[in-house]
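Accompanying notes for the structure given below.
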Amino acid sequence: VKGASVKGAVHKLCQLGSLAMSTDSPEKSNRQLRIGFLGPAGTFSEQVILRQADLAQAELVAYPLMTDVLFAVAEGEIDQGVVPVENAIEGTVNAIVDTMAFDVDVLIQREMLEPVSLNLLVQPGASITQVTRLISIPVASSQCRTWLRDHLPSVEYVAANSNAQAAELAAEANDPSVAALANLRA
């Protein structure tokens, strides 16, 4: 059951300011570029990386929180990071903008627009009428609020750190009353 399809989210590729000129940058040492993203695998942040021909071959490193990606770039754990900064419906991703403004010194290298399509994921054979708990990253619940109000008005919301984590948790529950909002890759 499709929950919502929205215009997209703007992701930024961030890099430590001095890294581009460093003699040990991946380009100079022939080592593989390491790019961080909000994990686990299956998030829109990972998806936008995989759609970029020059980034898709990099070593991808998943982080549990969006802000962890920025700190990992600033601390040199990874070469670059991709984070969402704006959502077509919910607006600015404040935690990212605040972290970039006050906590880390990174440069924005590029802007990437990723189409967002969310789906209600249920156990095989389960019906929407069985769903009583919905696991979701809060921004996804907000994006689908009208559809959810119309189709699942009394559902209990459970927060996850990402849409992919929501899908993993719902799958692990192995319960027809538990669903997730996520993309189909998750």
Under 3.5 Å, is there a donor-acceptor pair between the side chain of Ser127 and the main chain of Thr129? yes
Determine whether a donor-acceptor pair (N or O, by modelled atom type, separation under 3.5 Å) exists between the side chain of Asp79 and the backbone of Arg34. yes
I'd like to know if the side chain of Thr43 and the backbone of Gly39 have a donor-acceptor N/O pair within less than 3.5 Å. no
Is there a side-chain contact (heavy atoms from CB on, under 4.5 Å) between Tyr63 and Leu38? Walk through the geometry before answering. CA-CA 5 Å; Tyr63 287 89; Leu38 172 64; over 6 Å; no
Specify the closest pair of heavy atoms between Leu152 and Leu120, including all atoms of both residues, with the distance to one decimal. CD1-CD2, 4.1 Å
Please report the C-alpha distance between Glu86 and Val93 in whole Å, then the side-chain angles of each, then the deciding distance to 0.1 Å, and finally whether the side-chain contact (heavy atoms from CB on, under 4.5 Å) criterion is met. CA-CA 5 Å; Glu86 187 178 347; Val93 180; 5.8 Å; no
Which atom names give the shortest non-hydrogen contact between Thr67 and Ile96, and what distance separates them? N-CD1, 4.1 Å
By salt bridge (Lys or Arg N to Asp or Glu O under 4.0 Å), which residues pair with Asp150, not counting sequence neighbours? none
Ile128 and Val122: same hydrophobic cluster, using ILVMFWY side-chain contacts below 4.5 Å? yes
Identify the heavy atoms of Ala164 and Pro40 that sit nearest to each other, and give their distance. CB-O, 3.6 Å
Scanning both residues in full, the closest heavy-atom pair of Leu60 with Leu50 reads CD1-CD2, 3.8 Å
Those residues that, when tested against Glu77, pass salt bridge (Lys or Arg N to Asp or Glu O under 4.0 Å) (two or more places apart): none
So CD of Glu46 and CZ of Phe37: to nearest 0.5 Å the spacing works out to 4.0 Å
Can you check whether Ala126's main-chain N or O pairs, donor with acceptor, with Gln130's side chain at less than 3.5 Å? no
CZ of Arg185 to OG of Ser117, rounded to nearest 0.5 Å, is 14.0 Å
Following the transitive rule for hydrophobic clusters with a side-chain heavy-atom cut-off under 4.5 Å over Ile, Leu, Val, Met, Phe, Trp and Tyr, establish whether Val139 and Val97 coincide in one cluster. no
Kindly say whether Gly42 contributes a backbone atom to a donor-acceptor pair with the side chain of Asn183 at under 3.5 angstrom? yes
Looking at every heavy atom in both Val83 and Met66, which two are closest together, and how far apart are they? CG1-O, 3.7 Å
Is there a path of hydrophobic side-chain contacts, each under 4.5 Å between heavy atoms, that joins Val69 and Ile108? yes
Other residues, nucleotides, ligands: >12 heavy atoms within 6.0 Å of Gln57 CD: no
Can you list, by chain and residue number, the hydrophobic cluster partners of Ile135 when the side-chain cut-off is 4.5 Å? Val158, Leu169, Val178
Closest non-hydrogen contact found for Ala180 with Ala170 is CB-CB, 3.7 Å
Examine Leu70 and Leu65 and state if one hydrophobic cluster contains both, with Ile, Leu, Val, Met, Phe, Trp and Tyr joined whenever side-chain heavy atoms are less than 4.5 Å apart. no
Before giving the answer on side-chain hydrogen bond (donor to acceptor under 3.5 Å, both in side chains), spell out for Ser177 and Asp175 the whole-Å C-alpha distance, their side-chain angles and the decisive distance to 0.1 Å. CA-CA 5 Å; Ser177 70; Asp175 180 346; 2.9 Å; yes
Examine distances only and state if a side-chain atom of Arg145 and a backbone atom of Ser142 form a donor-acceptor pair shorter than 3.5 Å. yes
